[in-house]
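This report concerns only the one structure given below.
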Amino acid sequence: MTRTERYPKYERCMVLAGGGFRFGYYLGMHAAAIDAGRAPDLLLATCGGAVAGAIIAGLPDTAARKAWLGSRRMYEFLGDLRSSERATAASAAVRSSQNKVTL
């Protein structure tokens with residue numbers, strides 16, 4: 001088996017960056033790509049993009065994803081999110097000042 005056969009190249013990749021609650025935008029971008037006949041073969045995602053990626057992977061189609069966004073279950077999911085005790089501006093400043101950067 002050749003390398004190309006074993007690792008086929010992707011035709012399209014969609015990058016879903018961070019942004020916390022921007023995952024709704026990313027779901028719309030993905031739906032638009034599908035509607036245009038350009039569905040991505042690969043999703044690369046982080047933060048809010050990873051939420052969108054999980055929704056895309058977990059629900060079968062655009063209609064189901066859109067329905068979930070407007071559902072009571074989604075509302076409760078978002079309402080139950082809590083920040084950790086470590087997630088404060090002061091603790092972030094202290095942690096970042098302790099990081100050493102070398103060039």
Side-chain angles (χ1 to χ4, degrees):
M1 179 180 289
T2 69
R3 181 178 169 94
T4 304
E5 290 170 335
R6 188 169 181 189
Y7 303 106
K9 293 185 179 188
Y10 297 103
E11 190 173 333
R12 287 183 235 15
C13 173
M14 182 175 279
V15 178
L16 308 173
F21 292 105
R22 292 186 195 154
F23 64 88
Y25 295 147
Y26 299 138
L27 291 173
M29 290 168 43
H30 186 265
I34 290 172
D35 289 347
R38 297 189 161 286
D41 303 310
L42 177 69
L43 293 176
L44 298 176
T46 184
C47 194
V51 173
I55 293 169
I56 291 165
L59 295 172
D61 55 38
T62 300
R65 295 172 196 135
K66 187 175 180 180
W68 190 74
L69 283 178
S71 72
R72 179 73 182 177
R73 190 167 163 207
M74 173 66 169
Y75 174 79
E76 290 170 354
F77 169 76
L78 291 176
D80 288 342
L81 293 177
R82 298 288 180 262
S83 154
S84 73
E85 293 176 10
R86 294 180 42 193
T88 65
S91 64
V94 168
R95 282 194 308 277
S96 66
S97 69
Q98 294 172 343
N99 292 333
K100 304 228 184 304
V101 178
T102 57
L103 301 176

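Numbers here simply count residues along the sequence, with the first being 1.
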Shortest non-hydrogen contact between [X] and [Y], atoms and distance:
{"X": "Thr62", "Y": "Ala31", "result": "CG2-CB, 3.5 Å"}
{"X": "Ala33", "Y": "Met14", "result": "CB-CE, 3.9 Å"}
{"X": "Leu27", "Y": "Ala52", "result": "CD2-O, 3.8 Å"}

* Kindly check if the number of other-residue, nucleotide or ligand heavy atoms within 6.0 Å of CZ (Arg73) is above 12? =>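 Count not over threshold, so no.
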* Passing candidate, side chain to side chain contact (heavy atoms under 4.5 Å, CB included) with Phe23, options Ile55, Leu16, Ile56 ->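 So the option named by the test is Ile55.
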* Distance-only, no hydrogens or angles: does the Arg65 side chain make a donor-acceptor pair with backbone N or O of Leu59 under 3.5 Å? ->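 Such a contact is found between Arg65 side chain and Leu59 backbone.
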* Asked: Under 3.5 Å, is there a donor-acceptor pair between the side chain of Tyr10 and the main chain of Pro40?
  ->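 Here the side-chain-to-backbone pair does not exist.
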* Asked: When clusters are formed by joining ILVMFWY residues with side-chain heavy atoms under 4.5 Å apart, either directly or through shared neighbours, do Trp68 and Tyr75 land in the same one?
  ->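 In one cluster: no.
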* Does Ile34 share a hydrophobic cluster with Leu42, counting links as ILVMFWY side-chain heavy atoms below 4.5 Å and allowing steps through other members? ->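 Unlinked, Ile34 and Leu42 end up in two clusters.
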* Interatomic spacing from NE2 in His30 to CG in Asp35 - rounded to 0.5 Å ->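 Output value for this atom pair is 10.5 Å.
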